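Below: the structure, in structure tokens.
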Amino acid sequence: MRPAPTILHLDMDAFYASAEQAAKPSLRGKAVVVGGLGPRGVVATASYEARRLGVHSAMPTAQARRLAPNAAYLVPRFSLYRAVSDQVMELLGRLSPLVEPLSLDEAFVDLEAGGTADDSASARATGEGLRTAIHEVTGLSGSVGLAGSKMLAKIASEEAKPDGLLLIEPGTERELLAPMSVRILPGVGPATGDHLRRAGMTTVHDLAEAGEAELVRLVGKAHGHGLYRMALGLDDRPVVAERDAKSVSVEDTFDVDLHDRVRVRAEVERLAVRCVERLRAADRSGRTVVLKVRRYDFSTLTRSETLRGPTDDPTVVREAAGRLLESVDTTGGVRLLGVGVTGLADYTQEDLFAQAADARELAQRAQEHSPPPVEGGGESVPEPEPDSAELLAARRWPAGHDVHHEEHGHGWVQGSGVGRVTVRFEEPWSAPGRVLTFRVDDPLLRPADPLPLVRDAADYSSWPASLPKSRSGADSSGGGESSP
């Protein structure tokens with residue numbers, strides 16, 4: 001624990017949904033749900049308007065539609081979210097060399113290591129300045145928690161939501177935590193929380209009063225020891241600047257189980273290429289290819305193959321994933337497929353192209369030595385069923401994604417079906433735009449890249465030295481501005 005609240009936790013408010021509302025003037029103030037839209041889709045993020053209707057992340061989209069039938073349901077635009085995240089992380093990096101990203105929209109910052117705060121007053125001023133900078137540069141809001149430890153800083157940012165700042169003065173931790181639910185503590189999920197409730201412990205105060213020995217008896221030595229320290233507000237974990245990813249992977253859940261073996265292999269190869277794209281975007285390579293298959297009965301199988309050296313070659317990964325698929329029985333149907341690469345490195349070996357050639361040669365030899373099909377009655381490989389026009393339209397024109405029309409300009413897809421695509425033409429800085437409908441094959445309509453959320457962002461090149469210490473309306477924002 002530090003004697004000053006110099007650990008900052010930033011959590012962007014309803015990040016994906018807020019970015020969509022900022023990009024689409026017609027959706028501001030309305031319920032927005034971002035996630036998978038198919039029968040098996042899951043909510044990634046819901047706007048605060050949708051949350052008031054009972055929608056939350058990880059909820060099946062079908063259930064969300066029943067709770068909020070009039071909400072806007074959009075497919076995620078990760079290219080936009082990553083671009084905004086890069087802007088936010090660049091601002092955080094100006095505060096300190098010790099920034100620990102947890103996700104696209106969340107990070108810890110050690111203000112003391114950056115010399116930007118050494119007491120409560122300077123920490124508060126820095127936190128308010130950060131909120132100002134984020135709003136001016138991205139148009140979005142973030143909630144800030146400040147405390148003497150990572151655990152308390154994260155709890156503070158959660159209590160400050162939405163669009164607020166909460167600073168926990170050292171020495172007040174136990175008083176603040178005491179009435180809170182045990183679920184507020186890291187590592188206390190539904191199962192542990194229910195187990196503690198049955199033992200009569202529902203608040204953090206109950207845990208502190210029970211004592212370490214009783215918690216060890218209830219949840220085990222390692223967890224019980226840590227739980228007791230957290231109940232006392234103790235947390236000595238440092239902010240770690242670099243968090244190396246251990247793997248890169250992509251996966252898809254299908255609305256209808258796949259039974260066609262050729263279609264399954266085609267999807268595996270497509271996922272392998274997407275995986276390599278992510279791998280290259282991170283300037284990494286990997287040595288082990290992993291295939292994940294979830295079958296019709298929810299049983300999940302994983303297979304892996306370790307290569308001779310690290311690779312970022314799509315042919316190598318694609319063919320390795322194809323070989324792994326051969327060892328998996330998919331006759332009952334497949335509901336999910338995933339391809340990943342582990343054993344990450346920052347380089348590739350010089351013989352990767354030879355490695356790809358070797359793999360192709362091995363596959364060709366196996367084909368040459370396999371028995372020929374029996375003439376007049378032998379089994380043939382079935383042709384993959386062609387995708388329906390509706391499915392192809394949904395893939396080309398996902399709801400919420402950007403488009404450009406040569407006559408009407410920039411817009412976004414409201415929906416597609418029956419051979420038509422409906423587009424609302426507006427930009428982040430315009431008034432709500434008009435809606436027009438086109439044929440899905442209209443030659444004047446094409447997919448487009450997202451526009452920046454702020455057209456003329458303020459210049460923060462000299463930040464944080466020149467950063468204003470507060471912004472209008474900050475004192476009245478949600479989440480509270482004073483120490484507990």
Side-chain angles (χ1 to χ4, degrees), residues 1-11 56-59 98-103 106-113 120 123 143-161 166-247 298 300 302 342 479-480 483-484:
M1 294 292 297
R2 296 185 177 186
T6 55
I7 292 182
L8 179 149
H9 181 261
L10 170 72
D11 196 350
H56 57 77
S57 59
M59 171 184 285
L98 294 183
V99 177
E100 182 177 339
L102 304 179
S103 62
E106 186 180 2
F108 286 109
V109 184
D110 188 333
L111 301 180
E112 185 179 309
S120 296
S143 295
V144 169
L146 292 156
S149 71
K150 291 169 70 173
M151 179 190 76
L152 290 167
K154 184 173 174 62
I155 290 174
S157 68
E158 187 64 31
E159 293 294 303
K161 281 183 170 293
L166 179 62
L167 183 150
I168 300 177
E169 289 283 2
T172 66
E173 298 90 353
R174 292 192 63 176
E175 180 184 354
L176 174 77
L177 290 173
M180 292 184 174
S181 166
V182 295
R183 291 290 305 278
I184 198 72
L185 299 178
V188 180
T192 302
D194 189 54
H195 186 54
L196 293 171
R197 181 188 58 79
R198 290 197 299 269
M201 302 177 196
T202 58
T203 67
V204 177
H205 172 76
D206 296 333
L207 299 181
E209 288 296 305
E212 184 175 359
E214 177 64 10
L215 292 178
V216 168
R217 186 186 69 82
L218 285 171
V219 298
K221 184 175 181 179
H223 196 17
H225 176 70
L227 199 57
Y228 181 65
R229 284 182 55 81
M230 288 189 292
L232 299 179
L234 302 177
D235 177 21
D236 297 323
R237 293 174 300 159
V239 176
V240 181
E242 296 275 336
R243 278 189 156 209
D244 278 344
K246 296 181 180 179
S247 64
F298 287 89
T300 302
T302 57
T342 65
S483 303

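Note that this is a predicted model, so its numbers are computed, not measured.
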Contact between His205 and Arg174 at the side-chain level, heavy atoms closer than 4.5 Å - yes or no? no
Taking all non-hydrogen atoms of both residues into account, name the closest pair between Phe108 and Lys150 and its distance. CE2-O, 3.3 Å
Taking every heavy atom of Ile7 against every heavy atom of Ala153, the minimum-distance pair comes out as O-CB, 3.6 Å
With side chain to side chain contact (heavy atoms under 4.5 Å, CB included) as the test, pick out the partner of Leu8 among Val109, Leu167, Val239, Asp110. Val109
If you measure from CD1 on Ile184 to CE on Met151, what distance do you get to the nearest 0.5 Å? 9.5 Å
Measuring from atom CG of Leu152 to atom CG of Leu177, what distance do you get when rounded to the nearest 0.5 angstrom? 5.5 Å
What's the separation between atom CD1 in Ile155 and atom CG in Asp235, rounded to the nearest 0.5 Å? 9.0 Å
Where Pro101 and Ala107 come nearest, the two heavy atoms and their spacing: CA-CB, 3.8 Å
With a 4.5 Å cut-off on side-chain heavy atoms, are Ser143 and His9 touching? no
What are the two closest heavy atoms between Pro3 and Pro170, and how far apart are they? O-CG, 3.3 Å
Quick one: does any side-chain atom of His195 pair with a main-chain N or O of Leu218 as donor and acceptor, under 3.5 Å? yes
Glu209 side chain vs Leu207 backbone, donor-acceptor pair below 3.5 Å: no
Quick check for you: to the nearest 0.5 Å, what is the distance between Leu185 atom CG and Lys154 atom NZ? 12.5 Å
Minimum heavy-atom distance between Arg183 and Gly193, given as atom pair plus value: CD-CA, 4.2 Å
Flag side-chain contact, heavy atom, 4.5 Å: Leu196 against Asp206: no
Show me the donor-acceptor pairs, under 3.5 Å and distance only, between side chains in residues 222-229 and residues at least two apart or in other chains.
residue	atom	partner	partner atom	Å
His225	ND1	Glu212	OE2	2.5
Arg229	NH2	Asp236	OD2	3.1

How far apart are the closest heavy atoms of Thr172 and Glu169, and which atoms are they? OG1-O, 2.6 Å
